Amino acid sequence: MGLLAGKKVVVLGVANEKSIAWAIARLFHAEGAELLLTYAGEAIEKRVRPLAESIRATVAPCNVTSDEEIATLMSAIDERWGGIDILIHSVAFADKEELKGSILSTTRQGFSMALDISAYSFIALLKEAQPLMAGRNAVALAMSYYGAEKVFPNYNVMGVAKAALEASVRYLAVGMGEDGVRVNAISAGPIKTLAAAGVAGFNQILSTVEERAPLRRNITQEEVAKSALYLCSDLASGVTGEVHYVDAGYHVTGI
Ligand code: NAD
């Protein structure tokens, strides 16, 4: 019996086999969970469908900028499962132009889009999911980055969005705590994925972490997934409102 035997899990954010969300989906499947993976747009759907089939997961569309698509997703889940035990939010987006140069170049539109997709969407999803998650020791988990707290070159508006996401995690933990729902985030170290490719100079961040992190290396998607398993299983039944670092210890260093 796996740690997540029989659990109904919704995963938002699988784009390809390098996605953090995919490592989580695979591990949760191996631990006995039943999964639904979402996709935004036809191009992503084409990549997600075969991955989903390989772990006997179902797929459904959900562009998180659309309240309508979120509502449709939740009513389809209600019909299919009657509830949600775990919701994984592994979604972020900012225009490439916003992820280079100075924060002073941030546009109003670019700011709104980054904050909408990368932070507000977590609230929007949980608002609709609340009736499906209440009273079943459910868990929601979001993905953050240390750029929420410290300045990294070119991360710019995404750092602001991650700060909003981490604050949302704390407020949502209180907002959903009465229903027994736990809400946490993982602050993952840098990993080469599609989203990371949008950040100018990302390789420089990778090599700095390798040099300075206590473990003298970068982390893997699988390591994020293992911590996600802890946070989403009964092992973390007393943990909510927490931002948990999976970064080879990089955040404790001063230089
Ligand atoms: P990824 O590109 O594989 O995943 C990002 C996902 O966001 C994609 O599946 C994409 O389809 C989805 N997405 C974007 N806009 C969307 C929308 N409007 N509606 C629905 N989905 C949308 O990259 P990843 O690195 O696995 O990113 C997953 C999460 O982890 C993100 O929140 C990211 O900020 C976070 N994170 C990544 C790193 C890293 O270095 N890769 C580090 C810390 C945190």
Side-chain angles (χ1 to χ4, degrees), residues 10-26 37-49 51-52 59-70 72-73 87-96 98-99 112-122 124-125 141-150 152 154-166 168-169 185-199 201-210 218-225 227-228 243-248 250-251:
V10 185
V11 178
L12 295 103
V14 178
N16 57 36
E17 68 291 338
K18 288 193 173 153
S19 297
I20 293 171
W22 175 236
I24 294 173
R26 264 184 306 155
L37 313 183
T38 69
Y39 58 84
E42 276 175 33
I44 303 282
E45 180 185 3
K46 275 193 195 132
R47 295 210 200 118
V48 171
R49 274 195 186 275
L51 294 175
V59 295
C62 185
N63 185 326
V64 297
T65 59
S66 161
D67 286 336
E68 204 184 324
E69 286 198 24
I70 290 175
T72 305
L73 172 71
L87 184 146
I88 305 291
H89 179 284
S90 191
V91 168
F93 184 81
D95 194 290
K96 239 180 162 176
E98 308 285 353
L99 300 174
S112 302
M113 197 204 295
L115 272 282
D116 184 19
I117 297 177
S118 315
Y120 176 69
S121 64
F122 195 42
L125 283 158
L141 182 70
M143 291 298 141
S144 192
Y145 180 58
Y146 195 34
E149 298 166 68
K150 302 287 177 188
F152 284 80
N154 305 311
Y155 201 60
N156 298 342
V157 71
M158 193 52 79
V160 180
K162 291 303 188 192
L165 179 68
E166 291 186 7
S168 304
V169 164
I186 284 177
S187 181
I191 303 173
K192 269 196 173 176
T193 61
L194 199 62
V199 183
F202 186 76
N203 285 342
Q204 179 63 46
I205 298 178
L206 283 174
S207 49
T208 304
V209 169
E210 201 174 318
N218 280 290
I219 55 128
T220 64
Q221 289 87 332
E222 288 69 29
E223 288 178 308
V224 178
S227 290
V243 178
H244 178 79
Y245 296 93
V246 183
D247 68 345
Y250 181 75
H251 72 284

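We count residues from 1, following the sequence as given. First listed ligand is number 1; within each ligand, the first listed atom is number 1. Because the structure is a prediction, the values reported are computed rather than measured. Every heavy atom of this structure was used, including side-chain atoms; hydrogens, water molecules and symmetry mates were not.
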Exercise for the section: Would you check if the side chain of Ser118 reaches a backbone N or O of Phe93 as a donor-acceptor pair within less than 3.5 Å? Expected result: yes
Problem - Exam field: side chain Asn16 to backbone Ser19, donor-acceptor pair closer than 3.5 Å - result: yes
Problem - Proximity of Ala40 to ligand 1 by residue part, where a heavy atom lies under 4.0 Å - result: side chain
Exercise for the section: Mark up the atoms of ligand 1 that fall under 4.0 Å of a heavy atom belonging to Val14, in ascending order. Expected result: 9 (O)
Exercise for the section: Keeping the roles fixed (side chain from Glu149, backbone from Tyr146), state whether a donor-acceptor pair exists under 3.5 Å. Expected result: no
Handout entry: Glu45 and Arg49 ion-paired at < 4.0 Å
Key = yes
Practice task
Answer yes or no for Cys62: is there a heavy-atom contact with ligand 1 below 4.0 Å?
Solution key: yes
Practice task
Could you list the atoms of ligand 1 found under 4.0 angstrom from a heavy atom of Ser19?
Solution key: 1 (P), 3 (O), 26 (O)
Exercise for the section: Please confirm whether Lys18 comes within less than 3.5 Å of ligand 1 when only nitrogen or oxygen atoms on both sides are compared. Expected result: no
Handout entry: Side chain, backbone, both or neither: Thr193 near ligand 1, heavy atoms under 4.0 Å
Key = side chain
Completion exercise
Atoms of ligand 1 under 4.0 Å from any heavy atom of Ala15, numbered from 1 in the order shown, are 3 (O), 8 (C), 9 (O)
Problem - Best match, Ile44, Leu194, Val91, Thr38: closest heavy atom to atom 12 (C) of ligand 1 - result: Val91
Exercise for the section: Decide whether an N or O pair under 3.5 Å exists between Ala188 and ligand 1. Expected result: no
Exercise for the section: Answer with side chain, backbone, both or neither: which part of Ser144 has a heavy atom less than 4.0 angstrom from an atom of ligand 1? Expected result: backbone
Practice task
Mark up the atoms of ligand 1 that fall under 4.0 Å of a heavy atom belonging to Asn63, in ascending order.
Solution key: 17 (C), 18 (N), 19 (N)
Problem - Is_contact(atom 10 (C) of ligand 1), protein non-hydrogen, under 4.0 Å - result: no
Handout entry: Of the listed options Glu17, Met158, Lys192, Lys162, closest to atom 34 (O) of ligand 1 (non-hydrogen atoms)
Key = Lys162
Problem - Residue-ligand contact Leu12/ligand 1, heavy atom below 4.0 Å - result: no
Completion exercise
closest protein heavy atom to atom 40 (O) of ligand 1 is Ile191 N, 2.8 Å
Completion exercise
For Gln221 and Lys192, the nearest pair of non-hydrogen atoms, with its separation, is NE2-O, 4.1 Å
Problem - Check: Tyr145 N/O within less than 3.5 Å of ligand 1 N/O - result: no
Exercise for the section: Indicate yes or no for a side-chain donor-acceptor contact from Ser66 to the backbone of Cys62 under 3.5 Å, with no hydrogens or angles considered. Expected result: no
Problem - Which segment of Ile117 sits under 4.0 Å of ligand 1 when only heavy atoms are counted - result: side chain
Fill in the blank from the handout: Nearest heavy atom to atom 5 (C) of ligand 1, choosing from Gly189, Ala142, Ala119, Ser90, belongs to Ser90
Problem - Heavy atom of Phe202, distance to ligand 1 below 4.0 Å - result: yes
Practice task
May I ask you to list the atoms of ligand 1 that are less than 4.0 angstrom from any heavy atom of Pro190?
Solution key: 40 (O)
Handout entry: ligand 1 versus Gln221: contacting region, heavy-atom distance under 4.0 Å
Key = neither
